[in-house]
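Counting from 1, the numbers follow the sequence of the chain as shown. Here the structure is a predicted model, which is why all the values come from computation and not from measurement.
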Amino acid sequence: MQDSTHRTPPAAGTVGWGILGTGGIAARFAGQLPRSRTGTLAAVGSRFPASARDFARRFAAPRAHGSYQDLLDDDTVDAVYVATPHPQHVEWAVRAAESGKHVLVEKPMAVRRAWATAVVEAAVRADVFLMEGYMYRCTPQTAKLVELVGDGAVGDLHHIQAQFSFGGPGFDAGHRLFANALAGGGILDVGGYPVSMARLLAGAAAGAPFADPEHTTAAGTVGGTGVDEWALATLHFAGGLTAQVATGVRLADENRVRVYGSRGFLDVPDPWFCGDGEPTSLMLHRVGEDPREIRIPPAHLYAAEADTVADHLADRQAPQMSWADTLGNLAVQDAWRAALGQRYDSERDDAPVPTASGRPLARRADAAMSHARIPGLDKDVSRLVMGVDNQPDQIHASVVFDDFFEHGGTAFDTAYHYGGGRLERQLGRWMADRGVRDDVVVIGKGAHTPDCDPASLSRQLAVSLERLGTGHVDIYFLHRDNPDIPAGEFVDVLDEHRRAGRIGVYGGSNWSPQRVDEANAWARRNGRQPFTVLSNHLSLARAHAVPWEGCLHVSDPDAQEWLRAGEVALFPWSSQARGFFTGRARPDDTGDAELVRCFYSDENFARLDRARVLARERGVHPTAIALAWLLHQPYPVFPLIGPRQVSETRTSLAGLGVSLSAQEVAWLDLRAE
């Protein structure tokens, strides 16, 4: 694998392009590349050598490769255009980035947003450029349209209409447009164009690069092959702005965009191809004025796209279609398909979920995770623990879990009642798919209020093991305490399961130190294994309330002294204080009522300010400083983190590399000046 950090960037005008794929879209890009001011065609790659040779002859490519990997190994290639069918975009975009190539990946970047986050993460790791190929975004016409809307040419923006559809060929279930296996249908093939245009213009009206709708409603038809054949959606933005978008592969209609405001409307008769080498125009209709034609100079779509990539290589992403813009667009496409009930066979619950790279899952050589041992457990436990409590589906879970494992993460925390059992099944399915059960530490929890008693513990443990598809969990927590039941009764049942091999080590979640002492006194007197782990809340931001009834923290001085004196490992939940250190918390922003209730205080904002100071000094995010503070406590700490996407895992992992002095630990906690 090439090291992109040592790769000499191409000089202006000399970007050598490799085209991965030889279909129609690849031919369009290759045909226009000579018209760009920055790019040349260096090579083409296909799974079929004859197809690569024919394409190379047609477009005068110096080299033709009979495999995609051979193209990525070609040192004359600086940037790769991934022009494969939709389901292959993720694998080859990831592999291109890993090979040190800059990447332009044809839309959609991925079939689902979760997969696209893995592509973005690969580009971040490799330090290469990445952009999704919405070529219309790179043209003078689109730039002028954004300018007009932003300058108020139609007054206050109220409504957008955008459509991209076509009649398609005669119905053929094997054609890519109708093929389930190729992720056919209108929403993914061309529906992203009107969605991206609506989001672009909604953003322009607000002075932002783009805007995401607050919610999406939709209707449409899913055909016999399981793909959407025609569909429309209404995007509802803040302030009452709406956009109606339409698409279809069996829907012949006029493809245009209209932008309506309080003073008139803009008509865009050729929004997607923008003249493609010919002059084009926009029509501005304002109340009380004659229509005005706004002429736009010619531009070749794919040449403009190639030049956009070249112009922003050093930035690693382009403002014409940033990574956040791509992820927001795919979120709407996901919601649009979900509203129709459209789901590909590859997305179904029993379908295998491949890794993003297509290779077997393995820890990366540069994995940053550190590990420690807990007495009684003969496994390395990662110092950060993945919370299995917010993954909406199996694909999302697999992407996030894969990334965590590749970083060296081994510990996964879940519970009997999370998601009504869905999350335990997702973790179990992932372990089975990847064959990693023996390589990970499974943390289970049960006996949640109101079923907090020894009999419920045993019943819930049996169900959890079935859902997880395993005969044991490595660490087991009682999810709540029930002071009406002697602690020894819980210990007896837990130790029975330990001796039967169903539990490794065990302890309490939201148990007070006094109750843990009671449990361990009983264990010593009766030859039982004691509690060796505790999962109560602790973070740099002190909680003055807890989010759920029955929860406990160990922030107070007495609990801290108990932790320092004891032999219990702490697995703190909400270790990052519900996002307090992410930038969401501001004294003037009270939109998150739970964040305000639990963590807003003058002292916590002072801690946040100090975390920001150290974050700037160390070149990390404040969340990394908050985690480093936990990891530097004088007792074993394994913080639970709850990343909702892989980028959040990355910012958390940075905390492992932050070294804090005892003085800095005290200073962050306001115990020193």
Cation-aromatic face contact Arg112/Trp115, 6.0 Å, 45 degrees: no
Phe273 and Tyr136 aromatic centres sub-6.0 Å: no
SB check Lys101 Asp78 (cutoff 4.0 Å): no
Electrostatic pair Arg359-Glu98, nearest N-O below 4.0 angstrom: yes
Member of Lys107, Glu132, Arg113 meeting the side chain to side chain donor-acceptor pair (under 3.5 Å) criterion with Thr326: Glu132
Distance flag, aromatic centroids of His285 and Phe265, threshold under 6.0 Å: yes
Sequence-distant partners of Arg422, side-chain contact (heavy atoms from CB on, under 4.5 Å), two or more places apart: Arg425, Gln426
Sidechain N-carboxylate O distance under 4.0 Å for Arg644, Glu648: no
Residue that, paired with Trp17, satisfies ring pair (Phe, Tyr, Trp, His ring centres under 6.0 Å) out of Phe29, Phe59, Tyr81: Phe29
Pairing residues for Phe404 by the ring pair (Phe, Tyr, Trp, His ring centres under 6.0 Å) criterion, not counting sequence neighbours: Phe412
Non-hydrogen atoms of Tyr260 and Leu157 that approach each other most closely: O-CD1, 3.4 Å
Ion pair check, Asp228 and Arg337, cut-off under 4.0 Å: no
